Amino acid sequence: GRDLLRAQISATSFTYILKFAVGRTRPNGDSRSFPSGHASATFATATVLQRHYGWKLGLPFYAMGVYTAASRIQDKKHWVSDTVMGATIGVAAGRAVTFRLKDRPVHVVPVKVAGGGMIQFVVDP
């Protein structure tokens with residue numbers, strides 16, 4: 001559960017940073033198309049489940065991710081590149097939170113510093 005939550009927070013954060021930075025118009029005329037938040041969320045979930053429980057559980061969730069991405073294109077909410085980038089962000093977020101360095105968990109920690117912020121990677125001893 002913790003990895004699922006961390007993957008969703010990471011995927012959503014990167015997705016919305018890009019949405020506001022890029023400002024791409026959707027096929028239906030609305031704003032903030034790139035990347036697809038639905039695709040990033042479903043692929044993050046699929047990746048975490050696959051990494052924890054294997055392909056037997058991961059494959060059906062990846063299939064749901066593909067279905068979600070295709071339906072966003074069909075409904076004219078996203079371009080193909082939006083969903084591909086969303087899926088990429090989701091997979092990267094899912095792999096990042098399940099990555100282990102010789103069975104030592106790696107934590108991604110946002111840190112506030114004077115004049116801004118940074119992301120710190122901490123490996124448990």
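Values in this document were obtained by computation on a predicted structure and should not be read as measured data.
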List the atom pairs, with distances to 0.1 Å, where a side-chain N or O of residues 54-68 and a protein N or O form a donor-acceptor pair under 3.5 Å, not counting sequence neighbours.
unit_1, atom_1, unit_2, atom_2, d
Y62, OH, T47, OG1, 2.8
T68, OG1, M64, O, 2.8

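Through direct or relayed side-chain contacts under 4.5 Å between Ile, Leu, Val, Met, Phe, Trp and Tyr, I73 connects to V80, V84. Under the 4.5 angstrom side-chain criterion for Ile, Leu, Val, Met, Phe, Trp and Tyr, I17 has no cluster partners at all.
V91 is not connected to F14 by any chain of hydrophobic side-chain contacts under 4.5 Å among Ile, Leu, Val, Met, Phe, Trp and Tyr, and they are in different clusters.
Listed by chain and residue number, Q8 satisfy the side-chain hydrogen bond (donor to acceptor under 3.5 Å, both in side chains) test with T45 (two or more places apart in sequence, or in another chain). Shown here are the side-chain hydrogen bond (donor to acceptor under 3.5 Å, both in side chains) partners of S40, two or more places apart in sequence or in another chain: T15. For A87, the side chain to side chain contact (heavy atoms under 4.5 Å, CB included) test picks out F43, with sequence neighbours left out. Residues passing the side-chain hydrogen bond (donor to acceptor under 3.5 Å, both in side chains) test with S81, sequence neighbours excluded: R24. Residues that satisfy the side chain to side chain contact (heavy atoms under 4.5 Å, CB included) test with A7, not counting sequence neighbours, are A44, V48, V97. With sequence neighbours excluded, the residues satisfying side chain to side chain contact (heavy atoms under 4.5 Å, CB included) with R32 are K19, F20.
Of all non-hydrogen atoms in S36 and T83, the two that sit nearest each other are CB-CA, 3.9 Å. Closest approach of R26 to K77, counting heavy atoms only: NH1-O, 3.0 Å. The two atoms that bring W79 and T25 nearest to each other are NE1-O, 3.0 Å, heavy atoms only.
A side-chain N or O of T98 and one of R51 form a donor-acceptor pair less than 3.5 Å apart.
Listed by first then second residue, pairs satisfying salt bridge (charged side-chain N to carboxylate O under 4.0 Å, His left out) with a partner in residues 65-76 number zero, not counting sequence neighbours.
A donor-acceptor contact shorter than 3.5 Å links the side chain of H78 to the backbone of S33.
Atoms CG and OG, from L18 and S13 in turn, are 11.0 Å apart once rounded to the nearest 0.5 Å.
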